[in-house]
Amino acid sequence: MRIIAGDYKGRRLEAPADYEIRPTSDKVKEAMFSIIAPYIEDSVCVDLFSGTGNLGLEALSRGAYKCYFCDNSRTSIGIIKRNISHCRAENTIVLMGDYLKNLEKINEKAHIIFLDPPYEAGLYEKAFNKIRQLGLLDCEGLIVAEHSKGYSMPDELEGFTKVKERKYGHVILSIYGHKDNS
């Protein structure tokens with residue numbers, strides 16, 4: 001696992017020794033960032049369910065202004081902090097704990113929110129609901145949800161509309177924006 005492009009290009013990121021964390025593959029990450037490229041520059045990002053910090057660090061490498069890294073695992077938080085340090089990334093905030101409580105700690109609008117929870121945990125709807133309740137997504141922002149091909153994301157979810165969906169092997173990227181902007 002590495003940073004694909006930008007200021008930190010080529011830096012290898014630490015990954016867990018076991019399979020408890022499922023980092024986004026380079027192939028899927030490359031496709032994802034091709035789609036969201038126009039939204040990255042100077043953006044505020046949230047890497048919810050960060051795992052290794054892979055997505056947030058890629059965003060920072062490509063010009064995002066700030067990233068919130070959120071996870072509930074002490075192991076993941078340690079990996080995220082080491083990866084941030086290895087990349088010498090700035091404007092990072094690491095939040096440990098429950099994802100809903102972590103969302104409440106973010107006191108500014110986000111332009112990009114990465115949702116990559118454990119696929120079978122059923123956390124997408126609750127995350128979308130909390131993002132809507134808090135008014136966390138910027139009016140032109142995006143939610144990028146990564147999920148397995150066995151899980152179908154609805155066209156509309158908690159006031160957000162699916163604007164794109166792409167399949168990459170066993171992984172699907174569903175990208176949402178505000179209903180008004182679709």
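For clarity, every value in this text was computed on a predicted model and none was experimentally measured.
Taken to the nearest 0.5 Å, the CE atom of Met96 stands 12.0 Å off from the SG atom of Cys70. A distance of 5.5 Å separates CD1 in Ile106 from CG in Leu136, rounded to the nearest 0.5 Å. Atom CG of residue Leu57 and atom SG of residue Cys67 lie 7.0 Å apart, to the nearest 0.5 angstrom. Rounding to the nearest 0.5 Å gives a distance of 11.5 Å between CZ of Arg62 and SG of Cys45. Taking CD of Gln133 as the reference point, atom CG of Leu103 lies at 10.5 Å (rounded to 0.5 Å). Here the CD1-CG distance, from Ile112 to Leu55, works out to 10.5 Å after rounding to the nearest 0.5 Å.
Within 6.0 Å of the OH atom in Tyr99, the count of heavy atoms belonging to other residues, nucleotides or ligands exceeds 12. Atom NZ of Lys105 has more than 12 heavy atoms from other residues, nucleotides or ligands within 6.0 Å. Counting heavy-atom neighbours within 6.0 Å of Lys126 NZ, excluding the residue itself, gives a total of 12 or less. Crowding of Lys101 atom NZ: a count of heavy atoms from other residues, nucleotides or ligands under 6.0 Å not exceeding 12.
In this structure the side chain of Tyr68 never reaches within 4.5 angstrom of the side chain of Asn102, judged on heavy atoms. A 4.5 Å side-chain heavy-atom check between Tyr65 and His111 finds every atom pair outside the cut-off. Side chains of Arg132 and Asn129 form a contact here, defined as non-hydrogen atoms less than 4.5 Å apart. Ile131 has its side chain within reach of Phe160: a pair of non-hydrogen atoms, C-beta onward, lies under 4.5 Å apart. When side chains are defined from C-beta on, Glu104 counts as touching Lys130, because their heavy atoms get closer than 4.5 Å. Under the 4.5 Å side-chain criterion, counting only non-hydrogen atoms from C-beta, Ile172 is not in contact with Tyr151.
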inquiry  = Phe33 vs Phe114, test: ring-ring contact (aromatic ring centres under 6.0 Å, His included). Steps then yes/no.
reply    = CA-CA 11 Å; Phe33 279 90; Phe114 299 104; 5.8 Å; yes
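Taking both residues in full, the closest heavy atoms of Lys109 and Gly135 are given as NZ-O, 2.5 Å, listed atom of the first, atom of the second, then distance. Annotation for Ala59 and Ile40: closest pair O-CG2, 3.6 Å, computed over non-hydrogen atoms. Smallest separation of non-hydrogen atoms from Glu90 and Tyr8: N-OH, 4.1 Å. Ser50 and Ile80 get closest at one heavy-atom pair: CB-CD1, 3.4 Å. Shown here for Val46 and Ala110, the closest heavy-atom pair between the two residues is CG2-CB, 3.8 Å. Of all the heavy atoms in His178 and Cys139, the pair that sits closest is CD2-O, 3.4 Å.
Each of Thr161, Ile143, Leu142 was evaluated against Ile175; a single residue qualifies, Leu142, per the side chain to side chain contact (heavy atoms under 4.5 Å, CB included) test. Screening Asn54, Leu13, Ile84, Thr52 for a side chain to side chain contact (heavy atoms under 4.5 Å, CB included) involving Ile79 leaves a single residue, Thr52.
Between the Ser43 side chain and the Ala64 main chain, no donor and acceptor come within less than 3.5 Å of each other. Of the possible polar contacts, none joining the Arg11 side chain to the Ile3 backbone as a donor-acceptor pair under 3.5 Å is found. Without hydrogens or angle criteria, Asp71 side chain to Gly51 main chain gives a donor-acceptor distance under 3.5 Å. One N or O on the side chain of Lys29 and one on the backbone of Arg2 form a donor-acceptor pair closer than 3.5 Å.
With 3.5 Å as the limit, one finds no donor-acceptor pair spanning the side chains of Asn83 and Glu14. There is no side-chain donor-acceptor pair under 3.5 Å between Tyr168 and Glu146.
Taking Asp155 as the reference, Lys162 meet the salt bridge (charged side-chain N to carboxylate O under 4.0 Å, His left out) condition, with sequence neighbours excluded. Residues meeting the side-chain contact (heavy atoms from CB on, under 4.5 Å) test with Lys9, sequence neighbours left out: none.
Linking Ile, Leu, Val, Met, Phe, Trp and Tyr whenever their side-chain heavy atoms come within less than 4.5 Å leaves Ile4 and Leu60 in two separate clusters.
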